[in-house]
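Report on one structure; see the data block that follows.
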Amino acid sequence: MTFQKLLIGASMAIGVSVVTVPAQAGTLIGATIGGTAASDYLVYDSNATNTFTVANTSENVQKVLSGNAASPTGNVELAASSEQAGFDFTKNTTLTGTIGGKTLTLSSLTSDDWFGVGQTTTTYGLNNLANTWFNQALNSNSTISTLLAASGYTQQTLFNSFLTNGGFQRFSDPNISYVNQDDTSGLISIGLAGHLNATPLIIPLLGLPSNLSKLLPPSLQASEIVKYTYDGKTDYLYSFKATNSGLLELSDHISHSGNYEVTIKGVPPAAVPEPSVMLGLLGVAGVFVTQRKFKKASI
């Protein structure tokens, strides 16, 4: 009986001491590519200094999502043909996986997202994502607003040039470099690989003359936009502040130099018993079964 009591006490102690340990949610798992343009994506792996394209396999997709803000790795570019002529702006490419036990879908943007359902273009001043994001992008840097006002350019003029030059398509192809979750708060962090200095990208899209573009700030920052669906909610994420990724895309020596981190208020993963807890519970159950058999044998 004394031995049995010791076993029960030890088993219960193990169970109580470990049962409160939370599950380790970690990164996005089971990553798959889908959408209405499921083949329109590129996978970039990385080494210490460069990113470079690799085969579009499920193994590579999962591999390159293993980084974090301190050390971004490769990335998956959704809607990779957005910069090419003939790009179908009505279709999207998605990245879907599970994090913390819940499904998360990240997507490129379509004309419906930017302009409104069924709209293939837009005008300045409407209440849609295109106007909201564009105004935020310009106003995120006070130097731009001041310079444009002094030069006779208005935000409407720049908006029209950006629209005509395919700027919204160009910012619709997010490069997802990592998806992580904080086990305690549930906060989901998503890395978007982009340009640490987006000036060379944005100036031509705004249609600014070269003499004016030279007067602009040397390091404009703006991420591409990613659409997400998580826990019954769909919304858009973007940032105007980047950190140095320490990487450069091998072929153009400029892309993927900046890491833009955006976040989702995720659901904290539920605490689950660790293996030792289950062993403890099994030990308790085993002792009770044994004790019952001893009682029957003594009758």
Side-chain angles (χ1 to χ4, degrees), residues 15 18-44 56-80 91-110 112-114 117 129 133 172-194 223-239 259-278 281:
V18 186
V19 72
T20 57
V21 175
Q24 299 299 309
T27 61
L28 192 76
I29 61 175
T32 59
I33 302 294
T36 52
S39 62
D40 190 13
Y41 72 102
L42 290 173
V43 182
Y44 291 88
N56 285 3
T57 66
S58 57
E59 293 79 11
N60 284 337
V61 168
Q62 188 68 61
K63 176 187 176 184
V64 302
L65 298 174
S66 60
N68 54 52
S71 181
T73 53
N75 63 79
V76 181
E77 182 179 11
L78 307 178
K91 295 183 178 181
N92 72 330
T93 312
T94 63
L95 171 66
T96 300
T98 302
I99 190 163
K102 290 186 174 293
T103 300
L104 171 64
T105 296
L106 304 174
S107 174
S108 64
L109 272 62
T110 67
D112 281 357
D113 295 308
W114 284 110
V117 177
L129 178 63
W133 174 84
S172 297
D173 57 341
N175 294 68
I176 314 299
S177 58
Y178 58 84
V179 184
N180 300 323
Q181 185 173 39
D182 185 286
D183 292 340
T184 302
S185 67
L187 187 71
I188 297 174
S189 302
I190 302 168
L192 301 177
S223 75
E224 291 156 334
I225 294 84
V226 62
K227 180 180 180 180
Y228 76 88
T229 299
Y230 171 82
D231 198 31
K233 180 181 180 180
T234 296
D235 208 343
Y236 306 91
L237 300 170
Y238 48 88
S239 172
N259 178 65
Y260 295 84
E261 182 166 285
V262 294
T263 59
I264 301 170
K265 187 177 181 181
V267 179
V272 298
E274 297 234 351
S276 58
V277 176
M278 300 309 298
L281 294 176

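Side chains included, hydrogens not; waters and symmetry mates left out as well; all remaining heavy atoms used. Just so it is clear, the model here is predicted, and its values are computed rather than measured.
When atom types are taken as modelled, the side chain of Thr73 and the backbone of Val64 share a donor-acceptor pair closer than 3.5 angstrom. A donor-acceptor contact shorter than 3.5 Å links the side chain of Ser177 to the backbone of Gly191. When atom types are taken as modelled, the side chain of Ser66 and the backbone of Lys63 share a donor-acceptor pair closer than 3.5 angstrom.
The CD1 atom of Ile190 sits 8.5 Å away from the OH atom of Tyr228 when rounded to the nearest 0.5 Å. Atom CG in Leu129 sits 12.0 Å away from atom CG in Asp112 (nearest 0.5 Å). Taken from CG in Leu95 to CG in Leu104, the straight-line distance is 8.0 Å, to the nearest 0.5 Å. Note that CG of Leu78 and OH of Tyr41 are 10.0 Å apart. Values are rounded to the nearest 0.5 Å. The CG atom of Leu187 lies 6.5 Å from the CG atom of Asp182; values are rounded to the nearest 0.5 Å. Atom CG of Leu65 and atom CG of Asn60 lie 10.5 Å apart (nearest 0.5 Å).
A donor and an acceptor atom, one from each side chain of Asp113 and Thr110, are located under 3.5 Å apart. Counting only N and O atoms by type, the side chains of Tyr44 and Asn175 include no donor and acceptor under 3.5 Å apart. Under the 3.5 Å distance criterion, with hydrogens and angles disregarded, no donor-acceptor pair is assigned to the side chains of Asp173 and Ser108. Under the 3.5 Å distance criterion, with hydrogens and angles disregarded, no donor-acceptor pair is assigned to the side chains of Thr94 and Ser107. For Tyr260 and Glu224, the side-chain atoms include no donor-acceptor pair closer than 3.5 Å. Counted by atom type alone, Thr263 and Ser189 present zero donor-acceptor pairs between their side chains at under 3.5 Å.
Across Leu237, Val226, Asn259, a single residue satisfies side-chain contact (heavy atoms from CB on, under 4.5 Å) together with Leu192, and that is Val226. Checking each of Leu28, Val267, Ile99 against Ile188 for a side-chain contact (heavy atoms from CB on, under 4.5 Å) leaves exactly one that passes, namely Ile99.
The two residues Gly100 and Gln181 come nearest to each other via the heavy atoms CA-OE1, 3.4 Å. Heavy-atom minimum distance, Lys265 versus Tyr230: O-CE2, 4.3 Å. The minimum heavy-atom distance between Val262 and Ser239, with the atom names listed, is CG1-CB, 4.0 Å. Taking both residues in full, the closest heavy atoms of Ala79 and Ser172 are given as CB-O, 4.5 Å, listed atom of the first, atom of the second, then distance. Residues Val61 and Ala31 come closest through the heavy atom pair CG1-CB, 4.0 Å. Between Lys102 and Asp231 the shortest heavy-atom distance is NZ-OD1, 3.4 Å.
Contact annotation: the side chain of Ile176 never approaches that of Asn75 to less than 4.5 Å [non-hydrogen atoms, C-beta and beyond].
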